[in-house]
Amino acid sequence: MKPRNADPRSEVHDIMAKNQFDFDQPIDIAWCPGCGDHAIRKALLAALDELKLSREKVVLVSGIGQAAKMPQYINASFFNGLHGRGLPPATAIKACNPELTVIAVGGDGDMLGEGGNHLIHCARRNPDITLFIHENMIYGLTKGQAAPTSRPGLITPVQVEGVFENPLNPVALAISLDVTFVARVLGNDVERTKEIMKRAISHKGFSIVDIFQPCVSFNKTNTFQWFKDNTFELPSGYDPSDRAKAFAMAIKEEPFPLGVIYETATRKPFEGNLRIYRNSKAPLYRRERTMSEIEGELSAFD
Amino acid sequence: MKPRNADPRSEVHDIMAKNQFDFDQPIDIAWCPGCGDHAIRKALLAALDELKLSREKVVLVSGIGQAAKMPQYINASFFNGLHGRGLPPATAIKACNPELTVIAVGGDGDMLGEGGNHLIHCARRNPDITLFIHENMIYGLTKGQAAPTSRPGLITPVQVEGVFENPLNPVALAISLDVTFVARVLGNDVERTKEIMKRAISHKGFSIVDIFQPCVSFNKTNTFQWFKDNTFELPSGYDPSDRAKAFAMAIKEEPFPLGVIYETATRKPFEGNLRIYRNSKAPLYRRERTMSEIEGELSAFD
Amino acid sequence: MKNSGRADYGARKAMLRPDISIALVGEAGQGIQSIETILVSLARAKGYHVYATKEYMSRVRGGINSTSVRISTSPVDALADRVDIAIPLLPAGLPYLKKRLTKNTALIVDGSLFPQKTRAMIDIPLAAIASEVGGAIYANTIAAGVVCAIIGVDESAAESFVADRFAQKGEAVVARNKLAIKRGFDAGREIDLSFRLARPSKKKSGNITLAGADAVALGALAGGCDYVCGYPMSPSTGVLERLAAYSQRHDIIAEQVEDEIGVINMALGAWYAGARALITTSGGGFALMCEGLSLAGMIESPLVAHLAQRPGPATGLPTRTEQGDLNLALYAGHGDFPRIILAPGTLEEGFTLTQRAFDLADRYQVPVLILTDQYFVDTYYDTKRFKPAAMGDRRSIVETDASYKRYSVTRNGVSPRGIPGFGKGIVCVDSDEHDESGYIVEDAEARVLMADKRMRKARAINKAAIKPTYIGGKDAENLVVTWGSTFTIAREALAALGRRDTALLHFPWLHPFPIGAAKTLRGAKRVIVAENNMTGQFADLITRETSLPISSRILKYDGRPFSVEELADAVARELDTHEAAQRRPPKRGA
Amino acid sequence: MKNSGRADYGARKAMLRPDISIALVGEAGQGIQSIETILVSLARAKGYHVYATKEYMSRVRGGINSTSVRISTSPVDALADRVDIAIPLLPAGLPYLKKRLTKNTALIVDGSLFPQKTRAMIDIPLAAIASEVGGAIYANTIAAGVVCAIIGVDESAAESFVADRFAQKGEAVVARNKLAIKRGFDAGREIDLSFRLARPSKKKSGNITLAGADAVALGALAGGCDYVCGYPMSPSTGVLERLAAYSQRHDIIAEQVEDEIGVINMALGAWYAGARALITTSGGGFALMCEGLSLAGMIESPLVAHLAQRPGPATGLPTRTEQGDLNLALYAGHGDFPRIILAPGTLEEGFTLTQRAFDLADRYQVPVLILTDQYFVDTYYDTKRFKPAAMGDRRSIVETDASYKRYSVTRNGVSPRGIPGFGKGIVCVDSDEHDESGYIVEDAEARVLMADKRMRKARAINKAAIKPTYIGGKDAENLVVTWGSTFTIAREALAALGRRDTALLHFPWLHPFPIGAAKTLRGAKRVIVAENNMTGQFADLITRETSLPISSRILKYDGRPFSVEELADAVARELDTHEAAQRRPPKRGA
Ligand SMILES: Cc1ncc(C[n+]2csc(CCOP(=O)(O)OP(=O)(O)O)c2C)c(N)n1
Ligand SMILES: Cc1ncc(C[n+]2csc(CCOP(=O)(O)OP(=O)(O)O)c2C)c(N)n1
Ligand code: SF4
Ligand code: SF4
Ligand SMILES: [Mg+2]
Ligand SMILES: [Mg+2]
């Protein structure tokens, strides 16, 4: 497609055969070699393709950070906004045009630090969008300060005495807010990540997938090995529909549970509550306001 | 004390005998007659007095809203900052001078809407401060729009079709963040509110008391009677130390549980983690930097 | 009925007045709003022109609020200090009126509440009559009846008006309100004043009567606004509420967002998806949106923001008025990018500029800020029915093809705007510096290419700028300059002054500074800028844009708007000082 | 060893140069930083003056970054375009250097990576030698050895330096690095260049060598900063990190906050409780702080904010440089309130102004903003050891008594500042308009009283303003104006131009605009403002403050700083144009 102002040193990635969401020529990916983000991208490309979504109807939304660069590397529309501010535009995009599949992506700093308030209230609205949080327990793009998820004791150039704040548990937080689909995966497990991404995208309502992602450059503690050693798959027969039980599962840490931890179908999505879609499903941009509508309202002031 | 630019129409309140936190002459209180905030103020005055705190060592911190006017009506120091921004200054005040008792007060919009992100991260820091949230399920000061806690169906001039977002449950949210003391009370029950306020203030670490408060002017649904009908006291023998069980209790709504729902002593307060207090307890303002400290650091660049 | 004022007023022959001014003062909850509504509606129905504005405390009950009403035989749109009829519903209201009372003012009170009489008062036992009628709450309807009688409204019209107004509350309430009106009329007819309101020229003008907030909301509706979001904040909430009400009858999504940062970012998402979004806020909320505004600049998103000003800094005086956020509006956001700033001075401008804002935003893909203030949004009067502009190409969007690039470099800097889902292309927008397709770039040339492209739009916008309105004789040597809500007040003030040598230059379009305005300004011997803030922010802007030093500034920053008389006096003083200075020989080196 | 450059360079007799400029280009992770450190440290130890600056992409690995180093016999503090020695560690680095290469530049490459030779190159098989030494990672140490040999560093000094540097990594690593240095020296000595670096005048000057971020952090330490908070954001994070490091040795609380809004509000809480707090951020973060800044204005809190600029709007070029946030700094926050804006041009100013900022903030109870930029914070050179000002009354706070009022009205507007817990009084601060005690008020008089009190401080501050630095002959008719980091570059550029008629006026204190500066500006026939942004924000400020129109603007906004040569050329061009214009007869009406 487009010549992607490719840096001559770009790490050249395999082009996935026939995946319309990949580019048909090599692109420059700014992530470090070995970064967990590459695997997550693979999983996302596969998930989008397997869901047979039409490329023109997919919008990726993100803030700023390494994770938030994801939209740059997927061949679809995107809104790559401000650090921490991915969810408000994502919500509006879906609300204005429910025909679109809207996927938000962000780092743990982006979504839980700067953007924490939007996450809480997005959960309250429950738009039919999907959020992938790359949880690398660090600020990658800004070179290694603590993230809200950083584990106690982690020493960084700012947390010189080691992190002592409680790490945020995005899964527990999401369940407390009754987010309608809450899962956690280890991004390096591309196959499983892809499967859960597909479920999340297909879920009607706000879904959050917390994706463990090793940052090989700045987080030397929470490595791929560490994530492997500190996670476990949900027991078979686990029922994700009981909120209290899901919470009890969610607060387990080191090891952390992996899988779909909570899922509920009790809530209507945001768009479903909007009056404008009661009689017509047409996206906003296809609607017209008439002069007589305006004259009518003017008459109220006669 | 000070002549409080009293509006001639001020609702004159009884001066509590010998309570140093009350004023020794009538003050103008801007709350509506019958507002639940009056009872909360009574409880707070009594709690402060009974805890025998020294007036000069108490600081009230708030944002903007009806609840956030509380500091104006307590005879102590205060920092009445911006809407939604009470907790960051409160945290800093305690960190700079741990000798102070720091109490933050805010409305449900203030603390959970505009200020939601600070609440989350304050919980992570766990400063030894107390937060009272006046939950009237409405924006009082701005005349009746929905708050994050408003119940579904509530019609307001902005929520013309009725609220459809999920109301935020501050107690469940706090427990998901492992806030170290989490309680809920009905503010009109002055005696019980006072008792729980005293426990919250005495607790070492971040404590949140969610206070149900009828707004008589703008919330005609969630009235005092409604709160009475929709609450229940925790069963006797309830153990607030089990986080998963506390969460299961916290998500009960209509009726809502009242009492100390979660309490834990496992976390150190923020100030306790600060290196500067390892060898000295002196507040920052009593410390001096010497010229030789600066010269020493300059020498590193020789 | 005692009428302690009779001696004063009855002695002279009643003068015919073309314009009567009424001030009502009461605490929140006492119903001065209701008196105002009855009065204004009936006066309007009778063919008078009406004007009303209010000022109120930041509290729900108690405190002291006031309303100023003008009823006139000719159009009226500005706040006058002069009060012909004053009704303080409680003694604490009297000090608030003091400066505005003249010896001709009819001061109507319930004497039982005013034991110490400091001046002549017309005593009407409102409370006593109310309790006869059915309770204290009828006092305001009685007061309305009193004034209606004075200004000559027909009693039957008044009765049927209140009957309509309270119809939903049941027959008993209707009956009692009708009685209250009647008793008010009875009392009012007894009053013998030194003046009388002239008859209106014709029955009704076909005008509409509405407030500033209504004009902006209607303008948004006419501008094709179909997404409105905001976070409640006085005095901007009215526009949000009005558009929320419209959302029940028109294709509009109205959403209250968790905070103002969410508001602006959500609105940008809405524009991206093809909506025409409006945000509404006040200074403190706008201050939180600065980063988002910069994002609009970078991704070249249209945006319409209504910024209703109130006195700052910080929480300031939350329910009062000021024009103190101009500097912030001009420079909000980091980095350089074009924007448009409008400031309506009349209701009509409130409507037309808001409608136009949507087209400007969409055509040039820039944020457009509409600056109003508490005085503007809360003031209403009757005005010529608005004529909405045609709604030709309501959305400046294109259907994309597979080769679509969001930021294609063009001559005037404007790239055709696609939206996702409309066409075969993909639409990529990025807050980082980007190439034509929207992908991140870092090299110097690409940066300059895009920065220049964005800035070229400013030149195109310049040509669309609305010239300031000049009122006065050609080549008047003194020029009084206003922007936004101060306009109508200044217009009446200058008319009152009646000086041929002094004209008015009103700016409804503030930025980019209208080409040509510099020439007009330079043409004057003396430029006096009158604005409702502390430092003269617009005066400074003029200097910056024209290098013309502005020494004459008439500034007001006590949270209240200018009144006509106050501004007339201040202008007269400025001119006198100037003339006096000119009579002296010039100082060396001056 | 092949030396394809020998023919070019060896032919001429080596010229003695007082100043050599070296450019290193490589991808992130290739270790150009390490080469730079070795070079600079050793040159410095030998008694040379050193300077280095870097520019880098917004990525952690890969991409293209570069470092420019100058080694000189006299002090050097500005970016030069000229490159005497260029070392691109990879072919992609060559285009980045292209414009800076002259025929005299020694281009040192590993020839195996550069199959197509477009110009003379000095081929040193870095990769091959590195693999002999012990692996690819030694290539950078070898390259350092090469340059050390060229500039005449003692081999033994270099060996012991790397031994020290890698001591912690074990003996094997030390040995291999020493070998790498040796092999580099061997290769370097073979190179025969057309120039040679003159010997330094004396051993070492007693100067300190540090970067802009160090200077600001040290200034904060000297200013008594004991609370620092921030949210990571390039290029401001360095100051946060440095003060965090200091917090391990000094009484400092260093806290990373959840977002920038939290940052500023937390800092205001810290000041309220008696701390001296610094916040550090960049444009996007500062844009989020506008409401908080307004709060500082209203509650009259001291505050020191370090704003390290980078190109906007929005995310822009996150790791690049610009001076594009001046307008935002000047007008951030709603409503009118006084503030102080400083912009260091040298490292010394970085230190002294930051120290001073704390005293100014505390004395006048206003926010003080320190504007730097990526170029400033990332650039380092050796400079005279800083002399901290005495730390007399480090905290301008008073012990309160029971009658204490936080906002007592005073002549100069400054009220004695109490803090809670220190004394018998209570300390009440409110974001609403308030009375002397800090309680909410709404009436007009109280408002004006407080607004006037706050603004009176601006007058007091005016007197404390630092005058701009004038460099050049008295009454030079052309004045080049700079602010912040452009200063040193312009100073060297003007020195290079050597025009008697052209002087430099540098502003380290921007706002309130220094009294007296207007006179200097007006005195010049021609004012040329050179700044690193798109519209000339400081030029506009000058017009606003002095009504002097500024038509000559030298602007750069590609994310890179000016170089000495570039600025010298641009100034020369401006002057030529001007002179040409003057020779023509003036146009009518111009
Ligand atoms: C308002 C604002 N503040 C700060 C930044 C700087 N910044 C960019 S990305 C980032 C955090 C990166 O961490 P995270 O979100 O966890 O993403 P990661 O890089 O780890 O994937 C920060 C602080 C910014 N761009 N904007
Ligand atoms: C930045 C900002 N946005 C909005 C406001 C307006 N505002 C003041 S109080 C308030 C909400 C009040 O509701 P709540 O916090 O629940 O307090 P209550 O009045 O109900 O006690 C709002 C939106 C403001 N002051 N500042
Ligand atoms: S810094 Fe960390 S998160 Fe960022 S690309 Fe590199 S490895 Fe990945
Ligand atoms: S509006 Fe509601 S919350 Fe506010 S004072 Fe009145 S009753 Fe209380
Ligand atoms: Mg991260
Ligand atoms: Mg509330």
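Numbers restart at 1 for each chain; the letters A, B, ... are given by sequence-line order, proteins then strands.
- Of the two parts of B:I120, neither the backbone nor the side chain holds a non-hydrogen atom closer than 4.5 Å to a non-hydrogen atom of chain D.
- Interface remark: of the candidates D:G421, D:S247, D:A267, D:G421 forms the most heavy-atom pairs closer than 4.5 Å to chain B.
- Counting heavy atoms from C-beta on, the side chains of D:P388 and B:M291 come closer than 4.5 Å.
- Of the possible donor and acceptor atoms, none in the side chain of B:R85 sits under 3.5 Å from a partner among the backbone N and O of D:I261.
- Using a 4.0 Å cut-off between a side-chain N of Lys or Arg and a carboxylate O of Asp or Glu, D:K387 and B:E295 do not qualify as a salt bridge.
- Side-chain contact between B:F301 and D:F386 is absent, with no heavy atoms from C-beta onward closer than 4.5 Å.
- Counting only distance, with no hydrogens or angles, the side chain of B:R289 and the backbone of D:L221 share a donor-acceptor pair below 3.5 Å.
- Looking at B:S54, there are no atoms closer than 4.5 Å to chain D (heavy atoms on both sides), in backbone or side chain.
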>> Between D:I397 and B:Y285, does the side-chain contact (heavy atoms from CB on, under 4.5 Å) criterion hold? Intermediate values first, please.
In response: CA-CA 9 Å; D:I397 54 174; B:Y285 81 87; 4.2 Å; yes
>> B:F79 vs D:I299, test: side-chain contact (heavy atoms from CB on, under 4.5 Å). Steps then yes/no.
In response: CA-CA 9 Å; B:F79 183 105; D:I299 64 174; 3.8 Å; yes
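- The greatest number of non-hydrogen atom pairs below 4.5 Å with chain D, out of B:N97, B:T91, B:L298, is found for B:L298.
- Here the side chains of B:I276 and D:H250 are not in contact, with every heavy-atom distance at 4.5 Å or above.
- Interface remark: B:A76 contributes backbone atoms only to the contact with chain D (heavy atom separation under 4.5 Å).
- Between chain B and the options D:Q248, D:H434, D:K424, D:E436, the largest number of non-hydrogen pairs under 4.5 Å is found for D:Q248.
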>> Walk me through whether B:E56 and D:V427 qualify under side-chain contact (heavy atoms from CB on, under 4.5 Å).
In response: CA-CA 9 Å; B:E56 304 84 50; D:V427 181; over 6 Å; no
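- The closest donor-acceptor contact from the side chain of B:R287 to the backbone of D:D251 lies at 3.5 Å or more, if one exists at all.
- Ion pairing between D:R242 and B:E297 fails under the 4.0 Å rule for side-chain N and carboxylate O.
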>> Applying salt bridge (charged side-chain N to carboxylate O under 4.0 Å, His left out) to B:R125 and D:E255, what does each step give before you reach the verdict?
In response: CA-CA 10 Å; B:R125 284 190 191 93; D:E255 181 64 6; 2.6 Å; yes
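- Looking at heavy atoms from C-beta onward, D:S431 lies in side-chain contact with B:I64 at the 4.5 angstrom threshold.
- The pair D:E258-B:R124 does not meet the salt-bridge criterion, since no charged nitrogen lies less than 4.0 angstrom from a carboxylate oxygen.
- Heavy atoms closer than 4.5 Å to chain B are found nowhere in D:V263, neither backbone nor side chain.
- For D:A296, no part lies under 4.5 angstrom from a heavy atom of chain B.
- For D:I252, the parts sitting under 4.5 Å from any heavy atom of chain B are the backbone and the side chain alike.
- In this structure, the portion of D:Y272 lying under 4.5 Å from any heavy atom of chain B is its side chain and not its backbone.
- The greatest number of non-hydrogen atom pairs below 4.5 Å with chain D, out of B:L60, B:L274, B:V59, B:N117, is found for B:N117.
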>> If you apply the rule ring-ring contact (aromatic ring centres under 6.0 Å, His included), what do you find for D:Y439 with B:Y73, and how did you get there?
In response: CA-CA 9 Å; D:Y439 296 105; B:Y73 312 136; 8.8 Å; no
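- With B:S77 contributing its side chain and D:I426 its backbone, the two residues share no donor-acceptor pair below 3.5 Å.
- No other option in B:H121, B:K94, B:E99 has as many heavy-atom pairs under 4.5 Å with chain D as B:H121.
- Between D:N265 and B:L82 the shortest side-chain heavy-atom distance falls below 4.5 Å.
- Taking both residues in full, the closest heavy atoms of B:I93 and D:A273 are given as CA-CB, 3.8 Å, listed atom of the first, atom of the second, then distance.
- Using a 4.5 Å cut-off between heavy atoms, D:Y380 does not touch chain B at all.
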> Checking side-chain contact (heavy atoms from CB on, under 4.5 Å) for the pair D:R385/B:S299: CA distance, chi angles, key distance, verdict?
Replying inline: CA-CA 9 Å; D:R385 191 184 166 101; B:S299 298; 3.2 Å; yes
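- Nearest heavy-atom pair, B:A92 versus D:A270, reported as atom, atom and distance to 0.1 Å: CB-N, 3.6 Å.
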